[in-house]
Protein chains: 2
Amino acid sequence: MSEPGSGGESLLFLTDEQLRKGIEAMFFAYRGFTADPDRILDGMDYGRAHHRALHFIHRAPGTTVNNLLNILGVTKQSLNRVLRTLLDDGLVESRVGKQDKRERHLFLTAKGAELERTLSDAQRARMRTAYRAAGPVAVQGFRQVLEAMMDPEMKRQYLALKEGGA
Amino acid sequence: MSEPGSGGESLLFLTDEQLRKGIEAMFFAYRGFTADPDRILDGMDYGRAHHRALHFIHRAPGTTVNNLLNILGVTKQSLNRVLRTLLDDGLVESRVGKQDKRERHLFLTAKGAELERTLSDAQRARMRTAYRAAGPVAVQGFRQVLEAMMDPEMKRQYLALKEGGA
DNA sequence: CTTGGAAAGTCAACAAGGCTGACGTAACTT
DNA sequence: AAGTTACGTCAGCCTTGTTGACTTTCCAAG
């Protein structure tokens, strides 16, 4: 039985108790993760769904509606409701595709980019504080565990975004 | 300007780009985190809110409604709707407090404990796979960053639970 | 012992953001 | 010419969150 400190790998970090703590940490941390943007959006006519759309359009300018649908993991009807308001309010611009005229390519307007920046600044500020407090080694572990937690398809999406932005 | 590899602490892990990757990792990982219980609950008459209630009642048997309210961070009306169905369906039992008879202490019934176990088994299985893949050092970092990401009040709740269960 | 306030429960109404199903149009593909 | 894909939209539904108002019960302080 692998004894802790005996030189072999201790498996004590895989006990149900440790796993439960990890689960609860995810629950409480995710609340903090979304708290700042939520606070900013509260009072505007937008919500978390608008934030997500803005984020990924910012990340992948010119993305198609279908692509965004896959990334966000919602139905087109659900996305459409959100996208509709962003388009009407002039935060997002939709351009007909040049190769394929069925596709719509999405871009942030100056106004949209401004709101995106406000939201992501707030979210990054918390992230930065947490990163700084935990240190670079912890951050690497953080990312490793999160990646291992994703569904394969989600991980594919995540890595595709990472490459594009690197 | 702190040069990477110059012996001092590199701060490259605090760049906006690194922070953005962390943000996206949280987004995609949380989807994976909730996917398995959601799948199980889909088709039953319960949802994620029921899962959360079951989890924390299991964790802290005899907890009061008010306490649960604080942990979950929702209004009593919202919790009541969920709790109502769990009580009616005999998954949760509510006992009048002995000291303070205004309080209701919540417990899982055998049936409730069974569903809770089914759900948490699924969630732990994914967690265990992720932990094993990333290794103990990564897991420690994972937990450190998550704790640093919580609001102070949430962190208090989280730590209180941890102590109780340790 | 009365009174103030806390804990709990409930009713009603509403909003955000998911979902399904159905349908229409334009444009690409075979 | 027919089939498929991308997008938009109408209609309706569900879950889970919110506020506000009101009641009952009961503890604790005056």
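The sequence lines fix the lettering, A, B, ..., with proteins before strands; numbering per chain opens at 1.
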Problem - Where B:I40 and B:A122 come nearest, the two heavy atoms and their spacing - result: CD1-CB, 3.7 Å

Handout entry: Euclidean distance, atom CG of residue B:L83 to atom P of C:dA7 [Å, nearest integer]
Key = 17 Å

Problem - Sugar-phosphate, base or nothing in reach of B:H105, heavy atoms under 4.0 Å - result: nothing

Exercise for the section: Please state whether the phosphate of C:dC19, meaning OP1 or OP2, lies under 4.0 angstrom from any side-chain nitrogen or oxygen of A:T75. Expected result: yes

Exercise for the section: Give a yes or no on whether A:E114 atom CD has more than 12 heavy-atom contacts from other residues, nucleotides or ligands under 6.0 Å away. Expected result: no

Handout entry: Ion pair A:D42/A:R39, N-O distance below 4.0 Å
Key = no

Exercise for the section: Check the angle between the aromatic planes of A:F56 and B:F27 and answer parallel, tilted or perpendicular using the 30° and 60° thresholds. Expected result: tilted

Handout entry: Nearest-0.5 Å distance that lies between atom OG1 in A:T15 and atom NZ in A:K21
Key = 7.5 Å

Exercise for the section: Answer yes when A:E17 and A:R20 have at least one side-chain N-carboxylate O distance shorter than 4.0 Å, and no when they do not. Expected result: yes

Practice task
On DNA chain D, reading 5' to 3', which nucleotide is the first and which the last to sit with an atom under 4.0 Å from a heavy atom of chain A, could you check?
Solution key: D:dT5 to D:dC10

Practice task
Figure out the CG/C1' separation between B:L79 and C:dA7, and round it to whole Å.
Solution key: 13 Å

Fill in the blank from the handout: Taking every heavy atom of A:G112 against every heavy atom of A:L54, the minimum-distance pair comes out as O-CD2, 4.4 Å

Fill in the blank from the handout: Nearest heavy-atom approach of B:R143 to B:Y158 is NE-OH, 3.3 Å

Handout entry: Residues in side-chain hydrogen bond (donor to acceptor under 3.5 Å, both in side chains) contact with B:H55, at least two apart in sequence or another chain
Key = A:E24

Practice task
Using whole Å, report how far CG of B:N67 lies from P of C:dA6.
Solution key: 17 Å

Exercise for the section: Tell me which residues in residues 26-49 of chain A put a heavy atom below 4.0 Å from DNA chain D, sorted by number, or none. Expected result: none

Expected rows: protein N/O vs nucleotides 22-27 of chain C N/O, under 3.5 Å:
none

Exercise for the section: State whether B:R126 and A:D151 are salt-bridged, where the test is any N-O pair (Lys NZ or Arg NE/NH1/NH2 against Asp/Glu carboxylate O) under 4.0 Å. Expected result: yes

Practice task
Specify the residue among B:T64 and B:R81 whose closest nucleotide of DNA chain C lies further upstream toward the 5′ end.
Solution key: B:T64

Practice task
Give the rounded distance in Å between these two atoms: CG of A:N80 and P of C:dG17.
Solution key: 14 Å

Exercise for the section: Grab the CG-C1' distance between A:L72 and C:dG17 for me, whole Å please. Expected result: 12 Å

Handout entry: All pairs passing side-chain hydrogen bond (donor to acceptor under 3.5 Å, both in side chains) where residues 82-97 of chain B contributes a residue, at least two apart
Key = B:Y46-B:D89, B:H50-B:T85, B:R84-B:D88, B:E93-B:R95

Practice task
Could you list by number each residue of residues 112-121 of chain A showing a heavy-atom separation from DNA chain C of less than 4.0 Å, or answer none if no residue does?
Solution key: none

Problem - Separation of atom CD in A:E103 from atom C1' in C:dC28, rounded to whole Å - result: 10 Å

Practice task
Return no unless some side-chain N or O of B:R84 is found under 4.0 Å from OP1 or OP2 of C:dT10.
Solution key: yes

Exercise for the section: Could you check if a side-chain atom of A:I57 sits within less than 4.5 angstrom of a side-chain atom of A:L83, using non-hydrogen atoms only? Expected result: yes

Practice task
Before accepting this row, confirm whether a basic side-chain N of the pair A:E153/A:R156 lies closer than 4.0 Å to the acidic partner's carboxylate O.
Solution key: yes

Practice task
Give the ring-plane orientation class for A:F142 versus A:Y131, where under 30° counts as parallel, over 60° as perpendicular and anything between as tilted.
Solution key: perpendicular

